[in-house]
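Everything on this sheet refers to the single structure shown next.
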Amino acid sequence: MAEEKKEEQKPSISFIEQFISDDLKEGKNDGRIHTRFPPEPNGYLHIGHAKAICLDFGMAQKYGGKCNLRFDDTNPIKEDVEYVDSIKEDIHWLGFDWEEREYYASDYFGKLFDFAVDLIKRGLAYVDDQPADIISSQKGTPSQPGMESPFRSRPVKENLNLFFRMNEGEFEEGSRVLRAKVDMISPNMHMRDPIIYRIIKTPHHRTENKWMVYPMYDFAHGQSDYFEGITHSLCTLEFEVHRPLYDWFIDQLKTGDYRPRQIEFNRLNLTYTMMSKRKLLELVQEGKVNGWDDPRMPTLCGLRRRGYTPESIRRFVDLIGYTKVEAINDVSLLEHAIREDLNMRAPRVFGVLNPLKVIIRNYPEGQIEEVELINNPEDESQGKRMVPFSREVYIEQDDFMENPPNKFFRLAPGMEVRLKGAYIIKCEGFKKNEKTGAIEEVYCTYDPDTRSGGKTSEKKVKGTLHWVSAEHAVDAEVRLYDRLFNHEDPAGQKEDDYRKLLNPGSLKVLTGCKVEPSLAEAKPLDKFQFQRLGYFCVDYDSKHDKLIFNRTVGLKDTWAKVNK
RNA sequence: UGACCCAUGGUGUAAUUGGCAACACGUCAGAUUUUGGUUCUGAAGAGUCCAGGUUCGAAACCUGGUGGGUCAACCA
């Protein structure tokens, strides 16, 4: 029949992918695509980097090209192998691989030095003896042109001599720099005779003491791309104004038609957190969080420890897209991505965070039944498990109210609920601490005919609770995480110290939680859904006799919403 | 007294390149449910920053505004 079939929504591609596929169609670079991910090894990767990684590796993958990993290690003062290792680990964890193409800007120090010498010889670079503040003031401002350095027309021979001696270690750090001779009155500040080499005597983590002069990032980055045959240099928006300078360098360097094409895209920003490496480092150093992998951190290692999967992060990145608009993405979209993933994968278990003892008075003392529970209703292949049931069980404190409001489908005096997978129980009474008002125990009876799966288990009740048999329960610590900052955009608040915006309640540690016995052997990073509560992940600190769970994210809770 | 970039529901993105503004998240209803989860159905919410212009037709092209961002490290 002529059924009007819905037009399959063609997945739209980003403007970057559009450029790439156009270039490919036009046969540029012999139809080759080669990208690179160029981190500086001076900190841990965060989810913002994940956005770049997914693009760099993703485009190469999709169009049959390659993606290099290149460490932009041009500043030995800030960089360290510790970071090199963590960066490699995080990229692999995310699901990408650079094969044997692990490069370093420091691999090109020789070539870069030769290029600098070449520029000097061609009268396109000179040694400036002035101190930093003078050079800086001569640069002018964005709205005022700069002034030429008195050393700008120094003879080639003298420049050469000085530059070599700079590298011999003959001069103090800061006493001289090498500058490219471009244009001091350019409206683009980056073109005003940028410094391209400076003296640094701190040993480099890879080249050690071989060099006394180091190229600036701007003098290393574009050329490194060129040396590696990169076709598409994808980077974030703030490098847009650097592009003319990179082009200028490549113009001096290139011998044929080939040149990398730089395309800029927007950074990833997330509500209630920040991506500034410097500020994240401060949070770590000042003990505001417990290390780079604190589950509240937006770092990849933090998210990993929190229980996020690489799939969920890739999915999230895919959802937010790449544009030139500076955007702030709602964390709820990230949370949606991890829920969506874990819903399919995480086995369901019973865990009681704030235990309240229920005594089933008509259940035989000493009797234990094993009840069968489905591990994951979304995935039959995950099978079933047996969970012990007995006369005394723990339920959640929130699941009992002495004076319940309307539509409270849980336990209250005279009300019936099902203990999931077991029986329907009815509340006959409770013990209350008269001083504190705390409910200490709840007394119930059960209906033996209502066992789940049994013939008469058709009986309907409004509420179903999770539970853990008191005698079989395993103790656990549970760490509940909330947003790190109270403000949606803590980094955007210019005046205020971002530390004042920290959420004091971002970590709550619960002890004495009760979880079902099947969890006793859970290993770090194992993920579960604590039924009716959320997704939880075993922490690295967890031990066989001291289980620790991190809450990745709560389940959607419409009851909490109406109850507000 | 500058240069460059940007502007589409609350948020993030689309709109096959000039042809009925769509999707996701979020929100709100309802159905299903032995998870107040999931799933399913539906709804509200922008007329595309503003003003002109080109065109039969503009979110898109042009001009001028407005608003936001980036650029003045011997950082990357």
Side-chain angles (χ1 to χ4, degrees), chain A residues 9-12 14 18 38-40 42-43 72-75 77-79 128 131-132 135-137 139-146 173-179 186-192 195-200 213-214 216-218 220-221 237-244 264 266 271 277-278 319-337 339-340 343-344 348 350 373-374 377-378 407-410 417-422 424 450 452-453 457 460-466 488 529-534 554-563:
Chain A
Q9 184 92 19
K10 200 182 337 180
S12 59
S14 70
Q18 187 66 250
E40 183 191 15
N42 71 340
D72 272 334
D73 54 349
T74 53
N75 187 353
I77 296 163
K78 288 189 179 176
E79 295 148 9
D128 197 327
I135 292 179
S136 166
S137 65
K139 275 208 173 167
T141 69
S143 54
Q144 284 166 266
E173 288 186 11
S175 63
R176 277 174 236 264
V177 291
L178 184 70
R179 292 228 255 167
S186 168
N188 184 337
M189 296 289 292
H190 298 279
M191 303 299 273
R192 322 243 259 232
I195 293 168
I196 58 176
Y197 261 97
R198 76 290 210 195
I199 302 168
I200 296 177
V213 291
Y214 289 86
M216 296 288 290
Y217 171 85
D218 276 349
H221 184 79
L237 252 22
E238 67 271 26
F239 292 104
E240 204 153 19
V241 278
H242 296 240
R243 190 172 1 118
E264 306 87 4
N266 61 348
T271 52
K277 267 201 219 177
R278 199 200 86 226
L319 287 170
I320 62 175
Y322 299 86
T323 68
K324 305 196 73 163
V325 187
E326 307 209 21
I328 301 182
N329 296 279
D330 200 324
V331 254
S332 66
L333 189 59
L334 213 213
E335 291 177 343
H336 168 258
R339 284 195 190 105
E340 181 181 59
N343 179 46
M344 299 307 295
R348 270 102 257 224
F350 288 161
L373 284 153
I374 292 167
E378 308 295 324
K407 292 190 174 174
F408 183 78
F409 305 141
R410 305 182 186 182
V417 295
R418 173 173 291 283
L419 294 177
K420 189 175 172 70
I424 290 175
T450 58
S452 287
S457 65
K460 294 285 184 208
V461 285
K462 273 290 198 180
T464 302
L465 306 186
H466 64 280
E488 257 202 6
Q529 184 196 96
F530 284 12
Q531 206 129 79
R532 299 209 303 135
L533 297 176
L555 252 29
K556 277 203 224 163
D557 190 348
T558 51
W559 170 245
K561 237 185 269 176
V562 307
N563 207 20

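Side chains included, hydrogens not; waters and symmetry mates left out as well; all remaining heavy atoms used. Residue numbers begin at 1 in each chain, while the letters A, B, ... track the order of the sequences.
Lys78(A) has no carboxylate O lying under 4.0 Å from a charged side-chain N of Glu40(A), or vice versa, which leaves the two without a salt bridge. Between Arg198(A) and Glu173(A), none of the side-chain N atoms (NZ, or NE/NH1/NH2) sits under 4.0 Å from a carboxylate O, so this pair counts as no salt bridge.
Across all strands, Val177(A) comes closer than 4.0 Å to base atoms (heavy-atom distances). At the heavy-atom level, Leu419(A) lies nowhere under 4.0 Å from the strands shown. Across all strands, His190(A) comes closer than 4.0 Å only to sugar-phosphate atoms, never to a base (heavy-atom distances). Gln18(A) comes within 4.0 angstrom of a nucleotide base, judged by non-hydrogen atoms across all strands. Within the nucleic acid shown, Phe408(A) comes within 4.0 Å of at least one base atom, counting heavy atoms only. As judged by a 4.0 angstrom heavy-atom cut-off over every strand, Pro377(A) is placed among the base-contacting residues. Looking at heavy-atom distances under 4.0 Å, Pro131(A) makes contact with a base.
Distances shown here put a side-chain N or O of Ser136(A) below 4.0 Å from the OP1 or OP2 atom of A73(B). In this model, the phosphate group of U34(B) is not approached by any side-chain N or O of Lys462(A) to a distance below 4.0 Å at OP1 or OP2.
Between the side chains of Arg418(A) and Ser452(A), at least one donor N or O lies within less than 3.5 Å of an accepting N or O.
The partner of A3(B) is U70(B), by the rule that a Watson-Crick or G-U pair needs both atom distances under 3.5 Å. Using N1 to N3 plus N6-O4 or O6-N4 for Watson-Crick, or N1-O2 and O6-N3 for G-U wobble, each under 3.5 Å, U33(B) pairs with nothing.
Using a 90° window around 0 for the glycosidic torsion, G47(B) falls inside it and is classed as syn. Classification of U17(B) as syn follows from a glycosidic angle within 90° of 0.
Residue whose closest nucleotide on RNA chain B sits further toward the 5' end, between Asp330(A) and Gly421(A): Asp330(A).
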Next on the checklist: Show, in sequence, the C-alpha distance, side-chain angles and deciding distance for Ser332(A) and Asp330(A), and conclude whether the side chain to side chain donor-acceptor pair (under 3.5 Å) test is met.
Outcome noted: CA-CA 5 Å; Ser332(A) 66; Asp330(A) 200 324; 3.2 Å; yes

